[in-house]
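These notes are about the structure you will find just below.
Values in this document were obtained by computation on a predicted structure and should not be read as measured data. All heavy atoms count here, side chains included; hydrogens, waters and symmetry mates do not. For the single chain, residues carry numbers from 1 onward in sequence order.
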Amino acid sequence: MIQIIPAIDLIEGKCVRLTQGDYGQKKIYNENPLEVAQQFEDAGLKRLHLVDLDGAKAKKVVNWKVLEKIASKTSLHVDFGGGVQSDDDLKVAFESGAKQVTGGSIAVKQPDLFEHWLKTYSGEKIILGADAKNEKIAVSGWEEGTSIWVYDFVEEYVEKGVKYTISTDVAKDGLLQGPSFDLYKNLQDKCPDLNIIASGGIAGIEDVEKLAEMNIYGVIIGKAIYENRISLAELQRFSV
């Protein structure tokens, strides 16, 4: 059964969504992220993808108190990302209650440090962030492109112990036009044992069903929930 992972993105401690990672296209959905997390929990969902957008910009963890509050007041399995750039950031995230932490830009820019985290915490706790634009890795909140082919990037890290990756097609994110099925199929073909978490572009329950049919491990859903394209009730059957 595919893992349903609702998303909360944080700016100034509030629950927001961006369109294609653009801070200028910000929409606030709720001033109280804990309230949103509790709604997910009440609907029977087990997981949460929590992104510190302030942290991604500041290049250090900023919204750790929100993480701490959600982790201590719900039973959700929280994976946390955004601004985790140092050993201290990683420690803060885990001590604040994250069950898993995602590293994306760091895996590109400081591979030795990311590999150190993999060895120290294991591939069960460290998720590889592999965001792509035209199948090339994009970093720093998608503000920077690279010439690194996403499939080679992921495969190299799988060989170094990565077990989970969150991959977002930047061109799809926030547009409610459907996810990049080809990206995930190609990743599956290249790394059959990898737990792939699809992210970006989910527009309706049929997208979730198609990813489930593909045996994708998990799917992150953000705007489709907040814009009432998918109800929490519809997602409950995947969380049995």
Flag, side chain of Ser180 to backbone of Asp169, donor-acceptor distance under 3.5 Å: no

NZ/Lys160: more than 12 non-hydrogen atoms of other groups inside 6.0 Å: yes

Partner of Gln100 under side chain to side chain donor-acceptor pair (under 3.5 Å), chosen from Arg47, His49, Glu124, Lys125: Arg47

Salt bridge (Lys or Arg N to Asp or Glu O under 4.0 Å) assessment of Lys91 paired with Asp87: CA-CA 6 Å; Lys91 195 174 171 201; Asp87 288 335; over 6 Å; no

Non-neighbouring partners of Glu135 that pass salt bridge (charged side-chain N to carboxylate O under 4.0 Å, His left out), sequence neighbours left out: none

Ring-ring centroid check Tyr157 Phe114, cutoff 6.0 Å: yes

Minimal non-hydrogen separation, Val154 against Leu194, with atom names: CG1-CD2, 3.4 Å

Donor-acceptor contact present, side-chain Asp89 to main-chain Ser86, <3.5 Å: yes

ILVMFWY cluster, Tyr164 and Leu118 together (side-chain gap under 4.5 Å): no

Ionic contact status for Glu227 with Lys27, cut-off 4.0 Å: yes

Test item: Asn32 side-chain N/O and Glu35 main-chain N/O as donor-acceptor pair under 3.5 Å: yes

Euclidean distance, Leu53 CG relative to Ile11 CD1, rounded to 0.5 Å: 5.0 Å

